[in-house]
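A short write-up of the structure that comes next.
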Number of protein chains: 2
Amino acid sequence: MKVSNILYICTMNYEEAKIKFVSTWGSLGTLWGINKAMAQIQALLFVSTKPLSMEDIMEQLKISRGNTSMNLRQLMDWGIVTKEIIPGERKEYFTTEKNVQELARTIAKERSRREIQPVIKVLKEVSSIKDDGTEKTKELIKQTKALYELTETADDMINKLVNHKQNWITKSLFKLIK
Amino acid sequence: MKVSNILYICTMNYEEAKIKFVSTWGSLGTLWGINKAMAQIQALLFVSTKPLSMEDIMEQLKISRGNTSMNLRQLMDWGIVTKEIIPGERKEYFTTEKNVQELARTIAKERSRREIQPVIKVLKEVSSIKDDGTEKTKELIKQTKALYELTETADDMINKLVNHKQNWITKSLFKLIK
DNA sequence: ATAAACTTTCAATAATTATTGAAAGTTTCA
DNA sequence: TGAAACTTTCAATAATTATTGAAAGTTTAT
């Protein structure tokens with residue numbers, strides 16, 4: 001690590017740190033097929049001490065009203081952001097799940113449902129074609145079946161890990177696996 | 001499931017099944033931040049009984065020479081595709097890792113290195129800012145620290161699962177977790 | 001050394017995906 | 001009821017990302 005970086009870290013203040021966190025989370029999202037604004041809105045809510053209005057979000061992230069509205073809806077569809085009604089206020093306010101374990105659980109469940117399950121379905125279909133005895137058909141069946149099994153097992157595993165309500169960040173569980 | 005789909009599945013032949021597999025794997029790639037051509041090339045090699053040349057890949061996927069070349073290089077950078085030299089042949093031939101466990105291991109390791117580690121670094125930096133006593137700073141530190149711990153643990157866990165050379169698709173491991 | 005058989009590179013272009021902003025829609029309050 | 005305060009929608013546009021294809025580069029064989 002360069003000395004300049006170390007100095008920078010040591011002098012990072014609240015605003016800088018927050019911006020760094022939100023923007024990094026945003027690019028991570030992009031890398032994982034989640035759009036930047038969506039990831040940034042979630043990040044912003046995640047470190048906010050109180051619910052934020054659409055105005056707040058628009059202003060802090062410098063994004064349009066439409067963009068904010070659409071991405072908040074998506075986050076609500078994913079089940080990780082909720083509307084908060086503040087008595088006496090006309091505006092809508094938003095919060096995200098603050099518990100990282102719960103957050104991970106929800107995301108894993110949704111991704112499984114939206115992305116993994118459809119693939120598992122196709123793998124099952126493809127691996128179930130009639131074996132006509134040719135080498136290439138045998139290979140297709142064999143390989144897609146292996147992929148099917150791996151995908152299903154990995155999916156099950158992630159869901160089990162993540163559904164394990166009790167703190168799954170435990171040394172004991174590690175020991176069993178390692 | 002609609003009746004028409006059932007009929008389709010039942011009558012899927014080798015070519016149809018292969019196309020369905022390759023294109024599904026391609027869209028899955030897109031969804032996960034991997035480009036379509038790259039995912040499709042890997043899928044094609046994965047079910048092929050013999051190494052394929054650039055011509056073969058171009059023809060089967062209907063993509064350009066440049067695209068094929070660039071994506072093959074990326075797959076080689078990821079370590080999941082290798083050049084095969086066939087004696088007496090001038091052309092280069094390519095194969096992918098055929099063992100799903102090994103494939104998963106390599107992908108997990110690379111994704112961790114490329115994507116998870118940099119995020120862990122930022123989370124560590126941000127969660128290490130000086131606590132100035134304000135509520136918002138305390139929240140930023142608390143939440144990014146929680147995310148840091150979760151991310152690191154999840155990353156460790158995946159690597160351990162996946163590095164577990166012995167068949168990690170075992171009923172016994174499941175029992176321990178569930 | 002050179003020509004044929006290949007592969008790589010990269011600027012141009014196409015395709016896809018995200019974002020804007022204003023009009024339309026909704027809710028609340030007087 | 002109506003108008004103010006808000007949110008949603010969506011066609012247009014911008015930004016990003018993938019793809020092409022031809023020129024440049026490389027390797028091999030004679």
Side-chain angles (χ1 to χ4, degrees), chain A residues 22-45 51-78 81-96 114-115, chain B residues 22-45 51-78 81-96 114-115:
Chain A
V22 171
S23 68
T24 303
W25 210 243
S27 6
L28 179 76
T30 303
L31 219 48
W32 283 81
I34 286 153
N35 108 355
K36 190 177 129 200
M38 186 171 153
Q40 288 192 343
I41 292 172
Q42 200 275 327
L44 193 62
L45 293 172
L52 299 181
S53 68
M54 243 170 64
E55 302 286 344
D56 294 335
I57 296 168
M58 286 166 62
E59 191 191 314
Q60 293 203 44
L61 299 181
K62 283 147 181 53
I63 59 177
S64 72
R65 190 175 295 283
N67 200 3
T68 308
S69 171
M70 286 166 104
N71 284 108
L72 276 170
R73 164 200 279 281
Q74 279 214 75
L75 285 164
M76 289 188 285
D77 287 348
W78 272 72
V81 161
T82 46
K83 258 184 205 164
E84 200 89 345
I85 287 141
I86 296 193
E89 287 270 15
R90 190 81 167 265
K91 277 186 199 134
E92 294 178 325
Y93 283 80
F94 301 89
T95 43
T96 190
R114 293 165 189 240
E115 297 162 16
Chain B
V22 171
S23 68
T24 303
W25 211 244
S27 5
L28 179 76
T30 303
L31 219 49
W32 283 80
I34 287 154
N35 106 357
K36 191 177 127 199
M38 186 171 154
Q40 288 192 342
I41 293 171
Q42 199 276 326
L44 193 61
L45 293 173
L52 300 181
S53 68
M54 241 171 64
E55 300 287 345
D56 294 334
I57 295 168
M58 284 167 62
E59 192 190 313
Q60 293 202 45
L61 299 181
K62 283 146 181 56
I63 58 178
S64 72
R65 189 174 296 282
N67 201 2
T68 308
S69 171
M70 287 167 104
N71 285 106
L72 276 170
R73 164 199 279 283
Q74 279 214 75
L75 285 163
M76 288 188 286
D77 287 349
W78 271 71
V81 162
T82 46
K83 258 184 204 163
E84 200 88 346
I85 288 141
I86 296 192
E89 287 271 13
R90 191 79 167 266
K91 278 186 198 133
E92 294 177 326
Y93 284 79
F94 301 89
T95 43
T96 190
R114 293 164 189 240
E115 297 163 15

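Lettering follows sequence order; numbering is per chain, from 1.
- Base engagement by A:Arg65 is indicated by at least one non-hydrogen atom pair under 4.0 Å involving a base atom.
- B:Glu92 has its CD atom 10 Å from the C1' atom of D:dT27, to the nearest Å.
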Each nucleotide N or O in nucleotides 12-19 of chain D that has a protein N or O under 3.5 Å away: list the pair and distance.
| residue | atom | partner | partner atom | Å |
| --- | --- | --- | --- | --- |
| D:dT19 | O5' | B:Asn67 | ND2 | 3.4 |

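- To the nearest 0.5 angstrom, A:Glu84 atom CD is 15.5 Å from A:Lys91 atom NZ.
- Around the CZ atom of A:Arg114, the shell of radius 6.0 Å holds more than 12 heavy atoms that belong to other residues, nucleotides or ligands.
- Considering A:Asp56, A:Thr82, A:Leu45, A:Thr68 in turn, A:Leu45 is the only one that fulfils the side-chain contact (heavy atoms from CB on, under 4.5 Å) rule with A:Phe94.
- Taking CG from A:Leu61 and CD from A:Gln40, the interatomic distance works out to 5.5 Å, rounded to the nearest 0.5 Å.
- Taking atom CE on A:Met54 and atom C1' on C:dT20, their separation rounds to 13 Å, with Å as the unit.
- If you check D:dT19 for Watson-Crick or wobble pairing at under 3.5 angstrom, you find it paired to C:dA12.
- D:dT7 atom P lies 8 Å from atom NZ of A:Lys91, rounded to whole Å.
- With sequence neighbours left out, B:Arg90 forms a side-chain hydrogen bond (donor to acceptor under 3.5 Å, both in side chains) with no residue at all.
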Hey, what are the protein-to-nucleotides 28-30 of chain C N/O distances that come in under 3.5 Å?
| residue | atom | partner | partner atom | Å |
| --- | --- | --- | --- | --- |
| C:dT28 | O4' | A:Arg90 | NE | 3.4 |
| C:dT28 | O2 | A:Arg90 | NH2 | 3.0 |

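- Applying the 6.0 Å contact sphere to CD of B:Glu89 captures more than 12 heavy atoms from other residues, nucleotides or ligands.
- In this structure, C:dT26 and D:dA5 make a Watson-Crick or G-U wobble pair, each of the two defining distances being under 3.5 angstrom.
- Rounded to whole Å, atom P of D:dC6 lies 15 Å from atom CD1 of A:Ile85.
- One interatomic measurement links the two molecules: CZ of A:Arg73 to P of D:dC10, which rounds to 10 Å at whole-angstrom precision.
- Atom pair B:Met58:CE and C:dC6:C1' shows a separation of 12 Å (rounding to whole Å applied).
- As rounded to whole Å, 8 Å separates atom P of C:dT8 from atom CG of B:Leu72.
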